[in-house]
> 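Before we start, here is the structure in question, set down as structure tokens.
Remember, it's a predicted structure, so these values are computed and weren't measured experimentally. To find a chain, count down the sequence lines: A is the first, B the second, and so on, and within it residues start at 1.
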Amino acid sequence: MNLLEVKGVSKAFPGVKALEDMHLDVRAGEVLGLVGENGAGKSTLMKLLSGIYEVDAGVFTFAGERYEPTSAKHALELGISIIHQEFNLMPDLTVAQNLFIGREGGFFTSERALNARAQALIERLHLPLEPKQLVGDLTVAKQQMVEIGKALSYDARLLIMDEPTAALNDAEVEVLHDLIRRFVTPGTGVIYISHRMDELRRIADRITVIRDGRYVGTRETAETTMRDVIAMMVGRELDMDAQPVGVREDREVVLSVEGLSTKDLLRDVSFELRKGEILGFAGLMGAGRTEVARAVVGADRTDGGTIRLHGREVKIANPADAARHRIGYLSEDRKRYGLLLEQEVGANVGLSALAERFQSWGFVKDKAMRATAREYVDTLRIKTPSVKQTAKNLSGGNQQKVVIAKWLVKDCDILIFDEPTRGIDVGAKEEIYRLLNQLAESGKSIVMISSELPEILRMSHRIVVMSEGRVTGTLDASDATQEQVMHLATQRRVAA
Amino acid sequence: MSAVRDRLQQFLAFGSLIAIFLFFSIASSSFLNYSNVTSILFSTVVIGLLALGTTFVIITSGIDLSIGTGMTLCAVMSGVLIVNTGLPVWLGVLGTILFGGLIGFVNGFNVSFLGIPPFIATLAMMLVAQGLALVISDSTPIYFNDEPGYIAISTGHLLGVDFPNAVLVLAVATVIAAVVLNRTILGRYTYSIGSNEEATALSGISVRKWKLAIYTLAGLFTGLAGVMISARLASAQPGTGIGYELQAIAAVVIGGTSLAGGKGSIVGTLIGALIISVLNNGLQIMSIPQEWQNVILGAVILVAVYADMARKRSSTV
Amino acid sequence: MSAVRDRLQQFLAFGSLIAIFLFFSIASSSFLNYSNVTSILFSTVVIGLLALGTTFVIITSGIDLSIGTGMTLCAVMSGVLIVNTGLPVWLGVLGTILFGGLIGFVNGFNVSFLGIPPFIATLAMMLVAQGLALVISDSTPIYFNDEPGYIAISTGHLLGVDFPNAVLVLAVATVIAAVVLNRTILGRYTYSIGSNEEATALSGISVRKWKLAIYTLAGLFTGLAGVMISARLASAQPGTGIGYELQAIAAVVIGGTSLAGGKGSIVGTLIGALIISVLNNGLQIMSIPQEWQNVILGAVILVAVYADMARKRSSTV
Amino acid sequence: DDGGETTGGASAGGGGGGGGEQPYIAIVSKGFQHQFWQAVKQGAEDEAKAKGAKITFEGPPTEQDIEQQVTMLTNAIQKKPAAIGFAALDSKASAPLMEQAKSANIPVIAFDSGVESDVPVTTAATDNKAAAAEAAKHMSELIGGKGKVALVVHDQTSRTGIERRDGFVEWMKANAPDVELLPVQYGAGDQAKSADIAKSIIQANPDLKGFYGANEGSAIGVVKGVEESGKKGITIVGFDSGKAQMDAIRSGVMAGAITQNPVGMGKQLVDSALAAINGEQQPKVIDTGFYWYDKTNIDDPKIAAVLYE
Ligand SMILES: Nc1ncnc2c1ncn2[C@@H]1O[C@H](COP(=O)(O)OP(=O)(O)OP(=O)(O)O)[C@@H](O)[C@H]1O
Ligand SMILES: Nc1ncnc2c1ncn2[C@@H]1O[C@H](COP(=O)(O)OP(=O)(O)OP(=O)(O)O)[C@@H](O)[C@H]1O
Ligand SMILES: [Mg+2]
Ligand SMILES: [Mg+2]
């Protein structure tokens with residue numbers, strides 16, 4: 001039996017046809033993978049299913065009955081639980097409060113009872129969370145865990161997950177997959193959206209591909225190759241062998257960090273970055289990679305440590321200082337720390353370089369800025385009707401490309417990219433890898449923090465592995481293996 | 001121990017309140033005594049009540065500019081009900097508080113169902129209430145001098161020994177507000193809406209209805225404030241009210257509630273209101289020339305908030 | 001064609017301004033004529049100038065409560081410089097505007113370097129400025145009667161035919177503000193900071209310095225408003241100023257600038273200010289009893305904003 | 001040195017020279033920032049200096065801030081002064097506090113307007129209604145007993161606002177049937193706002209004959225409005241003094257105005273307080289008087305003494 005059927009669904013936004021005559025079905029008892037390039041219309045379909053948008057045309061059938069969602073509440077009541085691509089959490093509330101919002105049970109609330117319920121859920125699902133933590137203080141990965149826990153805690157029949165693993169690394173992905181497998185019974189189903197092909201191969205029973213808002217086809221996972229799926233998705237064969245060449249041992253050390261510590265987490269972190277090098281940072285969730293990056297660019301206070309640029313010690317008190325030293329930082333959290341959601345794409349792309357490239361005598365050169373933005377919209381294939389589109393109207397992956405473009409436009413010597421390919425489709429990823437290699441070739445130095453180990457292994461010259469706030473090893477990428485990295489990443493701190 | 005300290009530090013300006021209080025106690029011999037302290041508390045009542053209600057609204061990241069003149073309109077309503085219509089006092093008081101709720105309801109409707117920005121919706125209500133208070137009362141005060149029971153709501157002494165009932169009312173109202181904000185789902189959704197309105201809606205909560213409820217609740221406090229001020233002055237003064245909203249919002253913000261929403265506490269609001277009235281009282285008691293009082297008041301508020309923020313910052317970062 | 005319509009619809013309340021204007025033109029024969037229209041424009045000048053400056057601050061998601069009394073303090077300063085010290089008019093005017101900038105600078109410092117919430121920082125400044133205006137002037141107006149050149153800044157007629165200079169000043173100031181907001185890097189950062197302060201900072205922009213600049217800029221407009229009001233009244237009135245901030249902020253918000261920051265326009269602000277003064281003027285011209293004027297004013301503001309929002313919604317989605 | 005003894009009724013210029021500790025008089029006024037109250041303060045301060053007393057002078061920012069005034073009075077009682085001077089914004093609202101002062105044995109002198117209570121030892125006040133009637137009388141004479149007259153009043157709920165409006169309106173109704181009064185407009189005593197109101201009125205009523213401004217801010221606002229509108233031939237009658245109003249009268253823009261005697265009121269207040277401290281008997285009411293002044297008598301020493309800049 002089909003749990004959900006989508007027939008002839010269309011949805012248009014001003015200047016964009018997000019979905020056209022879309023159809024798809026989810027069988028009871030299966031995980032349906034949904035793939036498509038950035039901006040293909042995946043999230044839009046999910047938002048239509050949850051009643052956030054109204055369909056222009058078409059029908060949904062859920063469990064055999066016509067389904068016309070009116071609100072998120074309606075969807076939940078029918079047993080459709082959704083994790084949206086962008087988090088929908090209340091940062092000022094605790095984990096427990098977030099997990100059970102709307103289901104406190106009774107007018108009066110009891111924090112203790114709620115925390116106990118949350119603790120039980122957390123244990124059942126093996127989530128690395130504590131009920132009383134404020135969600136706003138969590139890392140992106142943990143916030144993602146809260147979303148997952150919340151979605152699973154509803155007694156849902158259909159679970160929809162829009163890129164649930166974009167912020168997770170392999171170990172956590174495994175945990176999630178276990179949860180999904182346990183969730184699926186003969187009466188329930190899952191829609192699983194992801195850009196990570198290896199993951200889809202493992203979890204999805206069937207894969208539906210969409211392109212430019214239209215249905216392309218559906219394949220049984222067991223009977224197809226990921227190469228085929230990708231070809232269906234992008235409409236061409238991909239060349240997937242961009243690789244950095246040569247170790248950079250001989251090159252000059254551009255940035256050297258020594259003994260960096262912060263009050264909360266980092267202990268004596270040291271590493272060197274060479275000219276023309278891509279330095280990968282690997283580690284499990286909460287290892288402290290983001291914190292290193294933020295400390296280096298002066299976004300957080302440090303408790304000790306020195307930073308040298310070209311051998312000279314520098315004080316970096318805030319990101320503006322870092323920018324002055326030609327260091328740029330791309331945050332892992334694009335919505336919170338990256339984008340001006342209400343501003344146009346052009347303004348976002350030009351923001352970092354505004355003062356040095358797009359002004360004269362204080363007057364903004366809008367034409368030049370938009371022209372540059374247009375260039376990057378082309379190279380990164382940012383799907384947008386124009387550079388004047390408001391950033392928040394772009395799809396998640398395209399937003400990510402916008403923040404990447406922002407740093408490519410600014411001429412930095414050192415770029416620290418924290419999860420740069422989060423939410424980006426396979427094709428565009430290759431494009432970004434190519435650009436990163438080009439930058440390195442031209443003498444720029446790049447720190448690349450990523451939770452995708454294959455990406456780290458493929459792109460880096462050397463790999464710094466962190467665990468619990470310390471550097472546990474530095475590997476030469478040419479002979480590093482997944483096992484070696486994982487070994488270092490799971491090294492516990494020796495109890496004192 | 002450290003949990004207690006943490007709880008105290010939550011309230012932005014608690015330390016400053018203590019410091020200011022100690023300063024005046026030392027600086028002036030007329031400051032620290034039973035009758036002056038009760039008179040400080042007494043003078044906090046009206047602003048305090050308004051601030052309590054508006055704390056909820058501000059935590060949702062809204063604002064309520066209508067509380068000042070809304071209070072006046074409620075006071076006039078109270079006069080109409082009790083003096084002109086001759087309702088028994090308890091019924092008149094109830095009616096007035098509910099009328100305050102109605103004002104809040106209209107604000108809530110305009111904000112959540114019509115989607116008008118709270119600043120504009122409540123600004124409009126501020127003007128309308130101001131006008132209606134004059135229209136209804138024919139621009140003349142309504143006196144409660146023949147209703148001693150009404151006046152006693154504010155100035156009577158249920159607890160004896162010169163402890164005015166008004167302070168009791170504020171205390172009870174504070175407890176109720178704190179319970180509602182911290183222990184009920186109304187309070188939970190107040191924070192939730194302020195923290196992320198969209199996410200709250202996507203969690204299956206009917207944000208519009210709850211916002212309506214929150215504004216209505218704030219209106220009930222406005223109604224109560226209308227009762228308390230008219231009982232204190234033994235009259236409903238239709239021309240007053242402007243300026244109270246700013247003071248009440250100031251109390252809320254000094255108490256650590258963020259205008260951006262999502263954060264705040266009732267205890268903080270009470271502390272904020274007390275800081276303002278202690279400062280006003282102390283400066284007057286010390287006979288500081290009036291033109292200097294505002295200068296000092298402004299400077300002290302700045303320092304108080306800064307000091308507490310700095311203290312807080314070093315402890316969390 | 002449609003681009004033009006799009007641009008107009010950006011300004012929340014543009015249609016409403018037209019509608020209100022047409023209504024009064026039809027309803028009262030005394031409304032639509034040269035001298036009344038100039039007198040509406042003239043009465044918009046002071047609020048308009050304050051609103052222009054504070055538009056920048058509000059777009060950064062800040063607020064400035066000090067503009068009303070700050071303007072008064074600037075007016076007093078102007079009196080001190082020109083009347084008491086005897087500086088030439090042009091120098092005194094320059095000094096006053098710069099003094100306004102200084103007030104803004106202090107606000108900006110408190111907000112961005114000390115991290116005080118804008119509401120509190122500018123509330124404190126509001127009180128301090130109020131007090132200082134009285135202290136400096138010894139609570140006595142300073143008269144400019146012997147400085148006809150100064151008075152002419154407001155009421156003279158450079159363009160002849162009963163077109164007061166003050167309106168010219170507002171027009172020029174509006175153009176400058178619009179150019180700064182739309183065409184310069186300062187304006188661009190104003191929007192960025194209001195959209196996402198943290199993201200702006202992480203983009204390598206020195207948010208604190210730019211915020212300081214933005215508040216200082218707003219202060220310059222306050223200074224200019226101080227000049228314009230004292231020139232109009234031929235005197236600096238140290239006791240006034242409270243209430244202007246709310247009107248100016250209302251103009252900004254009615255004009256479609258969001259208190260949440262990131263959105264807004266100078267033209268919108270001008271329209272907002274005009275809506276307020278057209279309404280005030282029209283209601284007076286129609287001899288509506290004053291207690292009803294506020295009721296109507298409130299209701300019309302509500303309807304105006306709602307209508308424009310609804311129109312906007314239906315045309316874009 | 002200032003010659004003019006207080007006008008009106010008998011005054012008891014009390015003897016109390018400053019021996020030893022100076023008596024402290026806490027004065028809570030209706031206002032603080034307006035020139036009228038500053039003049040009262042001036043009169044009180046000068047007299048206190050002369051007689052050897054200490055005073056403080058406070059008032060709420062506007063005449064609407066009744067609760068704030070009540071709080072100020074409460075705080076004043078806390079300071080245990082030798083006497084309190086009090087100008088009630090609402091004559092009934094502060095009655096309970098009068099009892100409190102009485103039980104603390106602090107004599108209260110009411111000034112500017114009375115309190116509905118027998119606690120105050122004496123009341124040093126002027127009759128605002130009679131003063132406004134005087135303004136109406138002059139207005140009627142000046143415009144020849146007929147035509148449209150507009151009123152710009154500072155507010156519709158404060159006592160001074162009400163009395164200065166009603167005194168004017170009632171006299172006109174009773175004595176000048178051909179004078180047409182336009183609906184009263186209120187400008188909060190703000191000059192700019194009052195000027196805008198005046199201009200609107202002129203727009204709507206091109207045949208306007210006269211304007212009455214009920215306090216300094218309203219009156220000057222009206223003058224500004226008339227000047228800005230460029231309209232000639234409108235008779236303006238004002239209230240209170242201040243430099244701008246005196247200039248307007250000298251230059252003929254304003255026909256004349258009513259002034260009370262704020263400096264004298266402040267002086268009388270301190271005198272009465274000192275007398276009360278010394279336990280002397282005083283009349284229940286002391287009228288501090290009001291005057292009509294115009295171009296012809298503005299420099300008259302008797303008038304000049306009661307005007308303030
Ligand atoms: N509110 C909106 N207004 C205008 N255009 C929109 C809006 N929401 C989505 N779009 C557009 O619709 C298209 C589909 O977007 P959608 O978010 O569904 O893509 P997606 O498949 O989820 O992509 P990604 O993999 O990047 O998340 C995109 O071109 C996007 O720009
Ligand atoms: N913005 C923040 N506010 C508060 N705490 C934070 C913040 N960012 C990180 N932390 C804390 O620092 C710790 C390390 O997180 P960090 O993000 O540096 O790790 P990471 O290695 O980048 O892992 P992840 O893959 O989760 O991003 C976490 O335990 C988290 O609690
Ligand atoms: Mg998506
Ligand atoms: Mg990270």
> Taking side chain as everything from C-beta outward and backbone as N, CA, C, O, which of these in Leu186(B) sits under 4.5 Å from a heavy atom of chain A? Side chain, backbone, both or neither.
both

> Give, for atom CD1 of Ile101(A) and atom CD1 of Ile205(B), the distance between the pair rounded to the nearest 0.5 Å.
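Here the interatomic distance stands at 4.0 Å.
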
> Please rank Leu89(A), Ile82(A), Thr262(A) by heavy-atom pairs under 4.5 Å with chain B and give me the top one.
Leu89(A)

> With a 4.5 angstrom heavy-atom cut-off, which part of Val180(B) approaches chain A: side chain, backbone, both or neither?
neither

> Any salt bridge linking Arg188(B) with Glu111(A)? Criterion: basic side-chain nitrogen under 4.0 Å from a carboxylate oxygen.
yes

> Compare every heavy atom of Thr184(B) with every heavy atom of Thr109(A), then report the nearest pair and how far apart it is.
OG1-N, 3.6 Å

> Please classify the contact of His84(A) with chain B as side chain, backbone, both or neither, using a heavy-atom distance under 4.5 Å.
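Looking at His84(A), just its side chain touches chain B.
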
> In terms of heavy-atom proximity below 4.5 Å to chain B, should Leu134(A) be classed as side chain, backbone, both, or neither?
neither

> Could you tell me whether Glu86(A) atom CD has more than 12 heavy atoms of other residues or ligands within 6.0 Å of it?
yes

> Answer yes or no: are there more than 12 heavy-atom neighbours, outside Lys150(A) itself, under 6.0 Å from its atom NZ?
yes

> Can you name the closest pair of heavy atoms from Ala72(A) and Ala201(B) and give their distance?
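Here Ala72(A) and Ala201(B) meet closest at CB-O, 3.6 Å.
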
> Can you tell which of Asn88(A), Asp92(A), Leu93(A) has the highest number of heavy-atom pairs within less than 4.5 Å of chain B?
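Highest number of pairs under 4.5 Å: Asp92(A).
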
> Which of the residues Ala199(B), Ser203(B), Ser195(B) is involved in the greatest number of heavy-atom pairs with chain A at under 4.5 angstrom?
Ser195(B)

> What are the two closest non-hydrogen atoms of Leu202(B) and Ile52(A), and how far apart are they?
CD2-CD1, 3.3 Å

> Looking at every heavy atom in both Arg103(A) and Tyr189(B), which two are closest together, and how far apart are they?
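Result for this residue pair: N-OH, 4.4 Å.
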
